[in-house]
Amino acid sequence: MKAIGNPNIHTPKAYTDAVNSPEGKLWKEAMDYELDKLEEMNTWSEVDKSDVPTDAQVLPGMWVHLVKNLESGGKKFC
């Protein structure tokens with residue numbers, strides 16, 4: 001994990017790093033929020049591997065974590 005503006009908060013590179021960090025609850029809340037928004041906008045659907053044709057390409061997904069500094073002085077986990 002890479003340190004950001006506040007040396008006590010680290011930007012995780014993977015889901016497990018995020019949820020197992022001291023800020024795990026905040027990262028999990030941010031990820032749940034993003035998933036809810038994606039579902040609301042119907043931007044993706046989960047498929048079973050057995051339903052994917054052998055010649056099809058399934059694009060992998062990954063989390064990109066960041067902490068934004070708010071004008072109020074607070075932090076927003078994204």
Side-chain angles (χ1 to χ4, degrees):
M1 291 188 286
K2 178 177 116 180
I4 58 170
N6 180 340
N8 298 322
I9 300 176
H10 296 276
T11 304
K13 292 191 181 233
Y15 174 85
T16 52
D17 293 339
V19 296
N20 292 322
S21 74
E23 298 83 19
K25 182 177 182 237
L26 297 169
W27 289 121
K28 182 73 170 101
E29 288 172 359
M31 289 184 280
D32 288 345
Y33 174 82
E34 290 299 324
L35 282 174
D36 288 345
K37 289 299 173 189
L38 290 171
E39 283 182 1
E40 245 179 60
M41 294 184 291
N42 199 28
T43 59
W44 63 280
S45 59
E46 193 170 345
V47 295
D48 191 285
K49 278 188 175 182
S50 63
D51 294 335
V52 178
T54 55
D55 61 340
Q57 181 181 7
V58 177
L59 300 176
M62 65 181 260
W63 286 104
V64 177
H65 301 91
L66 23 119
V67 177
K68 292 183 179 179
N69 294 315
L70 303 175
E71 287 183 22
S72 65
K75 305 271 185 219
K76 178 179 179 184
F77 286 72
C78 308

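- Within the 4.5 Å cutoff, the side chain of M62 has heavy atoms near those of the V64 side chain.
- Pairs of residues two or more places apart, or lying in two chains, that qualify as ring-ring contact (aromatic ring centres under 6.0 Å, His included) and include a residue from residues 17-41 are W27-H65, W27-F77.
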Residue pair D17, H10: steps toward the side chain to side chain contact (heavy atoms under 4.5 Å, CB included) verdict = CA-CA 10 Å; D17 293 339; H10 296 276; over 6 Å; no
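- A heavy-atom distance below 4.5 Å is not found between the side chains of K75 and L70.
- The salt bridge (charged side-chain N to carboxylate O under 4.0 Å, His left out) test applied to K68 returns no partner, not counting sequence neighbours.
- Remark: K37 does not engage E34 in a salt bridge, criterion side-chain N to carboxylate O under 4.0 Å.
- Contact annotation: the side chain of W63 never approaches that of K13 to less than 4.5 Å [non-hydrogen atoms, C-beta and beyond].
- Rounded to the nearest 0.5 angstrom, D51 CG and E46 CD are separated by 11.5 Å.
- Cluster annotation: Y15 is connected to L26 through the hydrophobic network of ILVMFWY side chains, with a link wherever side-chain heavy atoms come within less than 4.5 Å.
- N20 contributes a side-chain N or O that, together with a main-chain N or O of T16, makes up a donor-acceptor pair within less than 3.5 Å.
- Here the side chains of E23 and I9 are in contact, with some heavy-atom distance below 4.5 Å.
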